[in-house]
Amino acid sequence: MGLLSHISAEESKKTGLLAKTSQLAAKPVFSSFSDFGRKYQFSHCALLSVVNGSFVMTHCYGIDARTVAASVSSRDFWDGTIGSSRAFCSYKKPDNKLSAFYQFFSGYFRERLKGLHILRISGDCIFLAADIEQYAEPSVPADELKNMLLNFFLSSDAAKKETLPDMNTGFIHCDAFLLLLSVKIAINSSIRNADIPDTTLYDSIFKTVYTELFSLLEKHLALPDFCMRSENGEMKIIIFSKKHFDDALLQYHIMRCFSSVLGSSADSVILLKAGTTSADKDVCNFVLEEKW
């Protein structure tokens with residue numbers, strides 16, 4: 001019986017280890033902050049990080065550009081509100097304390113804000129989730145959320161090199177339409193009235209809004225069509241089509257898609273045709289900004 005008990009105990013240890021391994025494997029793996037928000041059911045969330053001495057939203061999902069621009073805040077403010085708490089600091093609309101955070105939201109969000117959940121990830125990083133229209137408790141424990149964000153954003157810095165997808169299926173009986181989308185004017189228009197202290201913070205805010213717009217565009221394109229980031233507030237779009245491609249219709253849909261972030265400034269996005277090709281090397285050269 002002693003031997004059997006020992007074997008049983010060892011098997012229990014293995015089972016426990018397998019269970020833990022299974023739990024780890026079951027945790028969602030996300031490729032971007034927007035992907036994280038969707039998988040964890042945070043419809044409106046952001047990460048605030050320290051940029052040039054101030055906290056500002058550096059990643060967001062379901063947040064408009066004016067809110068990103070209004071998020072510039074001091075370390076003293078956050079130390080005085082949430083302190084060093086390791087748990088979620090949650091606020092409901094009936095609480096008088098919720099109004100202290102109104103300054104960080106656009107008018108649209110202030111009118112619809114029903115609750116906030118704030119979690120300090122580190123000394124220089126804060127997670128914020130907003131409940132719009134209806135209050136809801138966080139869908140994930142604080143410790144698990146903190147570990148996931150630390151592992152992904154602080155260890156890898158979310159800097160994963162983009163790779164071109166397989167274009168073979170796209171070129172079957174189709175040409176590739178190469179398009180250049182500029183959101184620079186639209187983003188600048190949407191945040192121009194914000195009181196942003198310096199160019200470093202302005203550039204950070206621009207990048208945050210640009211990344212959210214790119215995530216929206218990427219989500220609405222289905223393979224073999226795809227998009228890639230570019231410089232100077234531009235994005236490259238590749239659409240495969242057998243016949244004439246209506247770029248005006250695509251621009252209209254992009255403007256509607258981006259309006260949740262840019263508001264009326266979404267009308268300022270510019271879509272330009274860069275060419276048409278039936279060769280994958282031309283697509284590669286276009287995306288990599290080489291002569292084609």
Side-chain angles (χ1 to χ4, degrees), residues 33-34 36-37 40 42-85 87-136 138 142 145-146 149 153 187-213 215 259-265:
F33 191 75
S34 295
F36 156 82
Y40 274 122
F42 290 113
S43 299
H44 309 279
C45 59
L47 270 183
L48 291 93
S49 305
V50 175
V51 176
N52 207 22
S54 298
F55 274 97
V56 66
M57 291 183 181
T58 52
H59 299 84
C60 68
Y61 169 63
I63 302 291
D64 60 26
R66 291 181 181 177
T67 295
V68 177
S71 68
V72 179
S73 47
S74 69
R75 190 184 295 272
D76 287 342
F77 173 84
W78 293 106
D79 288 344
T81 51
I82 66 172
S84 57
S85 174
F88 274 108
C89 296
S90 295
Y91 307 90
K92 297 180 180 180
K93 188 161 187 177
D95 299 336
N96 294 328
K97 293 182 179 180
L98 184 61
S99 59
F101 301 96
Y102 285 168
Q103 60 186 308
F104 305 128
F105 291 92
S106 65
Y108 175 88
F109 269 81
R110 282 197 301 271
E111 292 174 1
R112 294 163 176 79
L113 191 63
K114 300 300 182 184
L116 277 179
H117 308 283
I118 305 169
L119 177 66
R120 188 177 284 277
I121 305 301
S122 68
D124 293 340
C125 185
I126 296 169
F127 172 78
L128 179 150
D131 292 329
I132 303 300
E133 305 295 358
Q134 184 176 356
Y135 182 87
L145 178 68
K146 186 181 299 186
L149 290 175
F153 288 103
I187 294 177
N188 286 334
S189 174
S190 68
I191 64 177
R192 66 185 173 190
N193 293 326
D195 184 18
I196 303 172
D198 57 63
T199 55
T200 302
L201 280 166
Y202 191 96
D203 291 344
S204 176
I205 289 166
F206 186 98
K207 179 181 177 182
T208 301
V209 177
Y210 173 93
T211 300
E212 184 175 19
L213 293 175
S215 296
S259 64
S260 62
V261 176
L262 300 174
S264 59
S265 296

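All residue numbers refer to positions in the sequence shown, counting from 1.
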Is the shortest side-chain heavy-atom distance between [X] and [Y] below 4.5 Å?
X: Val209; Y: Leu262; result: yes
X: Ser73; Y: Leu48; result: yes
X: Ile205; Y: Val51; result: no
X: Ile118; Y: Thr81; result: no
X: Thr211; Y: Phe33; result: no
X: Ile132; Y: Leu113; result: yes

Given the options Ser190, Ser189, Ser259, Ser265 meets side-chain hydrogen bond (donor to acceptor under 3.5 Å, both in side chains) only with Ser189
Could you pull out the closest heavy-atom pair between [X] and [Y], with the gap in Å?
X: Cys60; Y: Glu212; value: SG-OE1, 3.1 Å
X: Lys146; Y: Arg120; value: CE-O, 3.3 Å
X: Lys114; Y: Gln134; value: CG-N, 3.5 Å
X: Phe105; Y: Ala130; value: CE2-CB, 4.3 Å

>> For Met57, is there any backbone N or O sitting under 3.5 Å from a side-chain donor or acceptor partner on Thr208?
In response: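 Side chain of Thr208 to backbone of Met57, a donor-acceptor pair under 3.5 Å: yes, one is there.
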Atom pair [atom1] ([X]) and [atom2] ([Y]), whose distance is rounded to the nearest 0.5 Å:
X: Ser71; Y: Leu128; atom1: OG; atom2: CG; result: 9.5 Å
X: Ile121; Y: Ser49; atom1: CD1; atom2: OG; result: 10.0 Å
X: Cys45; Y: His59; atom1: SG; atom2: NE2; result: 11.5 Å
X: Ser84; Y: Trp78; atom1: OG; atom2: CH2; result: 15.0 Å
X: Tyr91; Y: Ser99; atom1: OH; atom2: OG; result: 11.0 Å
X: Leu116; Y: Asp131; atom1: CG; atom2: CG; result: 7.5 Å

Please enumerate all residues that pass ring pair (Phe, Tyr, Trp, His ring centres under 6.0 Å) together with [X], with sequence neighbours excluded.
X: Phe109; answer: His44
X: Tyr61; answer: none
X: Phe88; answer: none
X: Tyr135; answer: His117

Report task. Mark yes when over 12 heavy atoms from residues, nucleotides or ligands other than Lys93 sit less than 6.0 Å from its NZ; otherwise mark no. Result -> yes
**Message:** A quick test of your reading: do over 12 heavy atoms of other residues, nucleotides or ligands sit less than 6.0 Å from NZ of Lys207?
**Reply:** no
Side-chain atoms of residues 62-69: list all donor-acceptor pairs with protein atoms under 3.5 Å, sequence neighbours left out, distances to 0.1 Å.
unit_1	atom_1	unit_2	atom_2	d
Asp64	OD1	Thr67	N	2.9
Asp64	OD1	Thr67	OG1	2.6
Asp64	OD1	Ser106	OG	3.4
Asp64	OD2	Ser106	OG	2.7
Thr67	OG1	Ser106	N	3.0
Thr67	OG1	Ser106	OG	3.3

| Do the ring planes of Phe77 and Phe104 sit parallel (below 30°), tilted (30 to 60°) or perpendicular (above 60°)? | perpendicular
- prompt: What class does the angle between the rings of Phe42 and Tyr40 fall in, given that below 30° is parallel, 30 to 60° is tilted and above 60° is perpendicular?
  reply: tilted
Contacts of Arg75 meeting salt bridge (Lys or Arg N to Asp or Glu O under 4.0 Å) (sequence neighbours excluded), chain-then-number -> Asp124
- With side-chain contact (heavy atoms from CB on, under 4.5 Å) as the test, would you mind laying out the steps for Tyr202 and Asn188 before giving the verdict? CA-CA 10 Å; Tyr202 191 96; Asn188 286 334; 2.8 Å; yes
